Amino acid sequence: MKAVNFDEIHFQKLENHKIKLSTVCQIVDDSNNPIKNSILVSSILNNELECFTDENGYTKIISIQDEETPLLSSSKEEIQSLFKILFNTSLVIKETRQEKQELQNFPLGTADFENIINKNKLYIDKTKQIYKLIQTSEACFISRPRRFGKSLVVSTLEALFKGQNELFNGLDIEKENYSFEEYPVLRLDLSSPSVSSKEELKELIHEKLLRNTKKYGFSKPIKNYSSFLEDFSNHTNKKIVILVDEYDKPVLDNITKENVNDISNELASFFGATKSADKFVEFLFITGITKLSNVNMFSDANHITDMSTDKDFDAMFGYTQEELENRFNPYIKNLAIEESLSVEETLLKIKEYYNGYTFSESERPMYNPYSILNLFQKNNFKNYWFESGTPAFVLELMKEKGFDISDKNALTYGEDLFDKVKSSELTIKNILFQAGYLTVKKNKEGEKELIFPNTEVRDSFYKYFITFFAKKGLNYSVHLKNIKNAFISKNPKQIKEVLNDYFADFTYETTGSEKLYHSLIFALLNLTGFNVISEVLTKKGRIDQYLENGDDIYIIEYKYKHSAKKAMEQIIDRKYFQKYLNTDKNIYLLGINFEKDGEIKDDILIINPRDKKELESFINRNNK
C-alpha cells in the first residue's frame, strides 16, 4: 500500500504559531488498485493523522505543525518530498468502511418515545436524568428553546408513568430499581392548534383534558379545573400524573396583542388548580420556552419548582459533547469523508455550527438535537433549527418596541435574565435568551456576556431579521455581496449606491427610525464575515460601529436627518480613531446620514486619519 498522485501542498498560518499543511493524494494497493472507503492512520513528525478515502481512493491529508518545526525551514520542494516519504513510512489501514453500513434511523419527524424504541430508531438515553427529576420534585417546570427535545422527554415520562417497562430495557433507569407503577396520565400539548383568545384557550384545555380522561372511562363536564382533577383521581382510584408541553405557546402567539394577559390568566386558572388538587396529583411536569409570572405557576401555584437552570438537569435536553462523540461516531466519520476533513476538524466544525447553548451555572455546552440529527441525515452543514420555524413572535416584539439589535447595552448580561415576568412585560433580552437565540458565556476576563450560541443561530437570525422587515422578494445575498465589495473597494459613491439599493427594499413603516437603520445595517454587515462591533466605548463617547476586515478598520458614525458632515465632525472631534493609530491597521473614518425616507442623499464621507493633509483639510474646511 502506498500514497501516490500528491497535489501541491498548501500552507495556512493559524493562531498560536501553528502552520497547517494540507494536500490530497490517492491511496493504492500493491497492484495499484485504489483503496476505497477506508480509514487510514499515519504520522508526520509525531503528528498522528487519520484520513478517509473516497470511492476512488482519494483522501485529504492535514498536518498541524509548529512554526519552528525544522521541516518548515526547508524549501517548498523539499517539504513536499519529505511529506510524501514521512506519510508513506507509517501508513496503515485502520478500518475498512462497509459501503452499506447498517446505521440506526434517526427519529426525525417524531417525538414519540414508544415509536422510537419499537422501531429501533436512535435514542440518546436521558432516563438517568429523568429518574433523578421524579425523585427530586413532584411538581416542576423546565424551560428550553424549541426543537430541543422537550416533547420527547414528556413522551418518555408518559411511557414511564403508564408502566410500559418493556420500552426501557437496557436504559439507565433499569439500573435504579424503578417500580414502573402505573398511573392515569393527563398529557396536554398546547402547541396546537393556535388560539387567539381566552375563550379559545379554555376550549382547547377542556378538549384535551376530556380526550385524555375518556380513555379511562371518565367524561364528566368541567365546571372548574380543581374539582375535575379531584373527581378524575377518585374515578381511577389513583393519584394522577399531569404533563404539559409548550404551556406558553398560546401566550407567545399573541404576545403583541391587547388580550395577551387574558390568555395568560386562563392558564393561571388551570395551573392554580393543580395546587388546590395537589393531594390527588402524583407528578406534575411542565415545559415551555419562557417563564411567565402571571401564569401564577410561581405564585398561586408556588408548589411548582423551576428547575430550568439546575445543573443536575442541564443535559436532560439536547446532546452533550460526550453523547455526540460516542453515539454519533460512525455518522461523524461519514461526514468527515463527505467534507474531506479529519475527524478532529469535523468535530470542530460541528461545534462551531451547532454547539454553545448553556442552561446552568456549570456552563456545560449543549448541542441542538434537531440540527444534529438533520446534519447527519443529510451530511450537509445548514441552518436546520432556524429554518424549521421562523421566530415571528420575537421579531414582532422587536418591531413593537423599536428594538435596536446593534445596541449591545440593551443585551448586557444581568440576573434579570432569569426573572419571571408578566407576558405583557417581556423584554427582548428575556425572549432572546429564553428562546435560545442568545446564551450566557464567560469572556476572556471571566465576565458573563450574552452572545449567539453558534454560527447557525447567528447567521440565521440576521437573515430572518432582514427578510422580516423587508418587502417580499428581497434577495439579501445580492445586497450582501455588493456591500462587501463596496467596503473592500473603499469607494464612498459605491457604498452610498449599495446602501440606497438595500433600503429601497424596505417600506417607510419599517425604516422610519434611526434604531432600525442601525439594526438593518448591523445585520447585513455581520453576514459579510467582517468583525462588526457596535457602541464601542472610547474616552469621549461611543463609536456607532466598528468594522474590521483583515488589515482594514472602519470607524462609522451614522446620523439621522442631519448630515454626513456632522457625523464626521463627531468622529474627529471626539477622536474615536485615536487608540487605533497605535496599530499597524489601515484606518478609515466614515460619516453617513440617512433621511427620513431611508435614502442617503449626502455624499458619504471617508477620511484616512493617518493622512494628515486629508484630515487637516476637512478640519480647516469646517472652521471657515
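Remember, it's a predicted structure, so these values are computed and weren't measured experimentally.
- Between the N169 side chain and the E166 main chain, a donor and an acceptor come within less than 3.5 Å of each other.
- Side-chain contact of S226 with N224: a donor-acceptor pair under 3.5 Å is absent, judged by distance alone.
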Legend entry - Full working for side chain to side chain contact (heavy atoms under 4.5 Å, CB included) between F285 and L243: CA-CA 5 Å; F285 180 67; L243 307 173; 3.9 Å; yes

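- Paired with M316 under the rule side-chain contact (heavy atoms from CB on, under 4.5 Å), one option of I142, T127, D310 passes, and it is I142.
- Although no hydrogens or angles enter the test, the distance criterion places a donor-acceptor pair under 3.5 Å between the side chain of T358 and the main chain of V440.
- The OH atom of Y384 lies 13.5 Å from the CZ atom of R147; values are rounded to the nearest 0.5 Å.
- The side chain to side chain donor-acceptor pair (under 3.5 Å) test applied to K208 returns no partner, not counting sequence neighbours.
- With hydrogens and angles left out, the side-chain atoms of Y331 and Q377 include no donor and acceptor closer than 3.5 Å.
- With a 4.5 Å cut-off on side-chain heavy atoms, V195 and D253 do not count as touching.
- Heavy atoms only, all atoms of each residue included: L108 and N374 are closest at CD2-ND2, 3.5 Å.
- The minimum heavy-atom distance linking S197 with I263 is given by the pair C-CG1, 3.7 Å.
- Across all non-hydrogen atoms, the minimal contact from R364 to K311 is NH2-O, 4.0 Å.
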Inset, instruction - For the pair F270 and Y225, evaluate ring-ring contact (aromatic ring centres under 6.0 Å, His included) and give the outcome as yes or no after the intermediate values. - result: CA-CA 6 Å; F270 175 71; Y225 292 123; 5.3 Å; yes

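- For the pair N254 (side chain) and P250 (backbone), a donor-acceptor distance under 3.5 Å is present.
- Looking at L122 and R327, their side chains come closer than 4.5 Å, going by heavy atoms from C-beta outward.
- Between the side chain of S264 and the backbone N or O of V260 there is at least one donor-acceptor pair closer than 3.5 Å.
- Shortest non-hydrogen contact noted between L229 and A273 is CD1-O, 4.3 Å.
- Counting heavy-atom neighbours within 6.0 Å of K441 NZ, excluding the residue itself, gives a total of 12 or less.
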Inset, instruction - Check step by step if side chain to side chain donor-acceptor pair (under 3.5 Å) holds for D112 and T110. - result: CA-CA 6 Å; D112 185 273; T110 181; 5.4 Å; no

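- Here the side chain of T455 pairs a donor or acceptor atom with the backbone of E352 at under 3.5 angstrom.
- Residue pairs meeting the salt bridge (Lys or Arg N to Asp or Glu O under 4.0 Å) criterion with at least one member in residues 334-347, sequence neighbours excluded: K20-E345, E339-K349.
- Between the N265 side chain and the A268 main chain, no donor and acceptor come within less than 3.5 Å of each other.
- At a threshold of 4.5 Å between non-hydrogen side-chain atoms, the residues P193 and L204 count as touching.
- Within the 3.5 Å criterion, the main-chain N or O of P365 finds no donor-acceptor partner in the side chain of Q321.
- Classification of the F106-F328 ring pair by plane angle, with boundaries at 30° and 60°, yields tilted.
- For E323, the side-chain contact (heavy atoms from CB on, under 4.5 Å) criterion is met by I124, K126, Y319, T320, not counting sequence neighbours.
- Nearest approach of S233 to K238, heavy atoms of both residues: OG-O, 2.7 Å.
- Contact check for F359 versus T439: no side-chain heavy atoms found under the 4.5 Å cut-off.
- For the pair S143 (side chain) and S308 (backbone), a donor-acceptor distance under 3.5 Å is absent.
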Legend entry - Working for side chain to side chain contact (heavy atoms under 4.5 Å, CB included), residues E246 and K150: CA-CA 8 Å; E246 303 290 0; K150 298 189 295 294; 3.2 Å; yes

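- Separating the CG atom in L438 from the OH atom in Y357 is a distance of 10.5 Å, to the nearest 0.5 Å.
- Under the 4.5 Å side-chain criterion, counting only non-hydrogen atoms from C-beta, Y123 is not in contact with K121.
- One distance of note links CZ of F113 with OG of S151; it measures 14.5 Å at 0.5 Å rounding.
- At distances below 3.5 Å, not a single donor-acceptor pair connects side-chain atoms of N368 with backbone N or O atoms of Y354.
- Taking the side chain as every heavy atom from C-beta outward, Y183 and T236 never approach each other to under 4.5 Å.
- Interatomic distance, CD1 of I205 versus CG of L190, reported as 6.0 Å (0.5 Å rounding).
- Looking only at side-chain heavy atoms (C-beta outward), L335 and I332 stay at 4.5 Å or farther from each other.
- Annotation: K162, atom NZ; neighbour count of heavy atoms from other residues, nucleotides and ligands within 6.0 Å is above 12.
- A cation-pi contact, defined as under 6.0 Å to the ring centre and within 45° of the axis, is absent between R458 and F452.
- The distance from the CG atom of L284 to the NZ atom of K275 is 13.0 Å, given to the nearest 0.5 Å.
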Side-chain atoms of residues 130-140: list all donor-acceptor pairs with protein atoms under 3.5 Å, sequence neighbours left out, distances to 0.1 Å.
{"residue": "T136", "atom": "OG1", "partner": "K132", "partner atom": "O", "Å": "2.5"}
{"residue": "S137", "atom": "OG", "partner": "A139", "partner atom": "N", "Å": "3.2"}
{"residue": "S137", "atom": "OG", "partner": "A139", "partner atom": "O", "Å": "2.9"}

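- Applying the side-chain contact (heavy atoms from CB on, under 4.5 Å) criterion to T213, with sequence neighbours excluded, gives L186, L210, F218, F228, F232.
- Remark: the backbone N or O of T290 is paired with a side-chain donor or acceptor of Y247 at under 3.5 angstrom.
- Between T274 and H303, some side-chain heavy-atom pair lies under the 4.5 Å cut-off.
- Taking both residues in full, the closest heavy atoms of T309 and S360 are given as O-CB, 3.2 Å, listed atom of the first, atom of the second, then distance.
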Inset, instruction - Dump the intermediate steps for side chain to side chain contact (heavy atoms under 4.5 Å, CB included) on W385 and I372, then the final yes or no. - result: CA-CA 9 Å; W385 177 67; I372 291 298; over 6 Å; no

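- Here D172 pairs with K175 in a salt bridge; the nearest charged N to carboxylate O distance falls below 4.0 Å.
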Legend entry - Candidate pair T156 and L160, rule side chain to side chain contact (heavy atoms under 4.5 Å, CB included), full reasoning: CA-CA 6 Å; T156 308; L160 199 69; 5.7 Å; no

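- Legend: salt bridge (Lys or Arg N to Asp or Glu O under 4.0 Å) pairs involving residues 193-206, not counting sequence neighbours: none detected.
- By the 4.0 Å N-to-carboxylate-O rule, E50 lies too far from K333 to be salt-bridged with it.
- The distance between the ring centers of F180 and F168 falls below 6.0 angstrom.
- With rounding to the nearest 0.5 angstrom, the CD1 atom of I222 is 4.5 Å from the CG atom of L209.
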